[in-house]
2 protein chains.
Amino acid sequence: MHKNLKKIGIEMKLTTKGRYAVLALTDLALERDEDFVKISHIAMRQNISSTYLEQILLKLKRAGLIVGVRGPNGGYKLASEPEKIMIADIINIVEGKMEAKGCVSKSGSCTGVSGRCMTHDLWDELSRHIELFLGQISLRDIIKGNVLGRSSPPRAFDY
Amino acid sequence: MHKNLKKIGIEMKLTTKGRYAVLALTDLALERDEDFVKISHIAMRQNISSTYLEQILLKLKRAGLIVGVRGPNGGYKLASEPEKIMIADIINIVEGKMEAKGCVSKSGSCTGVSGRCMTHDLWDELSRHIELFLGQISLRDIIKGNVLGRSSPPRAFDY
DNA sequence: TAGTTCTTGACAAAAATACTCGGAAAATAT
DNA sequence: ATATTTTCCGAGTATTTTTGTCAAGAACTA
Ligand code: FES
Ligand code: FES
């Protein structure tokens, strides 16, 4: 009882971690000429705790979004073109992709019989919506200011 | 330093509280014939802690979304037709509408000079997107299963 | 009156988030 | 070689948010 909805989360969680990540990568996208950018520089420019930022960038590096080299003149660099890096990817990596659909499946609860409650589809559709939106916007769009006025992609069916 | 982004949140926060609220109101919308539905019944049917649900329903009542009467045969009832109650309203009420735009404005930080950082518009647009989506779906849509395949409202401008 | 049921606020437990720390591994420069 | 710079890595702590409980009160009905 009342323990079953505990870990349910919307597919696309958004905390400062995700925001820091996008902010840092945006910074990286702007500084693309300098070969490698140091954590401390990003942290200072974007006003983020540099030790915290380490964690975040590390994840992004492990995921292959950025490359890092150590030692003097080291730092981080985008692994690919800014237009190829989508915001949804960044966030999914640092926030941790939610455990497959999130909700009821495992405990079999969340209102009785049919396995899924009346609101299931709603949250599902909402997640999909967000993911689509953020999956459509790249780092390049951000540094170019091409974010406003973006509509959802056309859908096959409609009411 | 690094204390400024702390309370920033996406405009539309979503926790179990919001989910419980929608679930409870959906239940209420289904039971519209019975004059008043008791907290304990909703809690049992939807498998929610009834003392916790009290808090949630109270907020919704104060906001005027539902009406409650005490005493025997008392309980809660929707204040208006299910098609007039939008999911966005429900969530905004119980989760607490984020403090106007959330981000930088107050502390003047979040990257330097221009007042707004490069990612500002992104989060702003995302919030708007979510709000539009959930503001479009009513309780009636949920109990009718009219949620899937809903597209975003048409936009005036597009790229 | 007695019993029911919402109302209210304050409080406590648990979880998630934000952030720190200490050191190891690589690369470079001297 | 050695010192220095910087990323890498695991673990730990502190803070905030979320989730839930409790106890007492107010309105309503029979
Ligand atoms: S959210 Fe209730 S079953 Fe998926
Ligand atoms: S989010 Fe950085 S300025 Fe609004």
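Source: prediction; values computed, not measured. Each chain gets a letter, A, B and so on, in the order the sequences are listed, and its residues count up from 1.
- OP1 or OP2 of C/dT17 has at least one side-chain nitrogen or oxygen of A/Lys13 nearer than 4.0 Å.
- Regarding A/Asp35, its CG atom lies at a distance of 15 Å from the P atom of D/dT6, rounded to whole Å.
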- [ ] Please test A/Leu60 against A/Tyr76 for side chain to side chain contact (heavy atoms under 4.5 Å, CB included), starting from the C-alpha separation and ending with a verdict.
- [x] CA-CA 10 Å; A/Leu60 292 167; A/Tyr76 282 107; over 6 Å; no

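- Per the geometry, CD1 belonging to B/Ile56 stands 11 Å off C1' belonging to D/dT18, to the nearest Å.
- Distance B/Leu58 CG to C/dT7 P: 6 Å, rounded to the nearest Å.
- A donor N or O paired with an acceptor N or O is found under 3.5 Å between the base of D/dC8 and the side-chain atoms of A/Glu54.
- Ranked by how close their nearest DNA chain D nucleotide is to the 5' end, A/Lys61 and A/Gly71 are led by A/Gly71.
- We find that CG of B/Leu14 is positioned 11 Å from P of D/dT18, with the value rounded to whole Å.
- Both B/Leu30 and B/Ile66 are part of a single hydrophobic cluster, where members link through side-chain heavy atoms under 4.5 Å apart.
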TODO: Apply salt bridge (charged side-chain N to carboxylate O under 4.0 Å, His left out) to B/Arg128 and B/Glu125, showing your working.
DONE: CA-CA 5 Å; B/Arg128 210 174 63 90; B/Glu125 189 70 8; 3.2 Å; yes

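- Looking at which nucleotide of DNA chain C each of A/Pro72 and A/Tyr52 is closest to, the 5′-most match is held by A/Tyr52.
- Taking only side-chain nitrogens and oxygens, B/Lys38 never comes nearer than 4.0 Å to OP1 or OP2 of C/dC6.
- Distance from the side chain of B/Gln55 is smallest for C/dA10 among the nucleotides C/dA10, D/dA11, D/dC8.
- Using a 4.0 Å cut-off, some side-chain N or O of A/Arg62 falls inside it from OP1 or OP2 of D/dC9.
- Atom CD1 of B/Ile66 and atom C1' of C/dT5 are 14 Å apart (whole Å).
- Taking only side-chain nitrogens and oxygens, B/Thr16 never comes nearer than 4.0 Å to OP1 or OP2 of D/dT18.
- Under the 4.5 Å side-chain heavy-atom criterion for ILVMFWY residues, a single connected hydrophobic cluster contains both B/Ile143 and B/Ile42.
- Contact annotation: B/Thr51 side-chain N/O to D/dT21 OP1/OP2 distance is under 4.0 Å.
- Taking atom NZ of A/Lys17 as the reference point, atom P of C/dA16 lies 13 Å away to the nearest angstrom.
- For C/dA18, the OP1/OP2 oxygens have a side-chain nitrogen or oxygen of A/Thr15 closer than 4.0 Å.
- Atom-to-atom, CG of B/Leu53 to C1' of C/dT5 comes out at 13 Å; the value is rounded to the nearest Å.
- In this structure the side chain of A/Lys17 reaches within 4.5 angstrom of the side chain of A/Glu95, judged on heavy atoms.
- B/Tyr20 has a side-chain polar atom (N or O) that falls below the 4.0 Å cut-off from OP1 or OP2 of D/dG20.
- Residue A/Ile39 is classed as a sugar-phosphate contact, given heavy-atom separations below 4.0 Å to backbone atoms only.
- In this structure, the NE2 atom of B/His41 is 11 Å from the C1' atom of C/dT5, given to the nearest Å.
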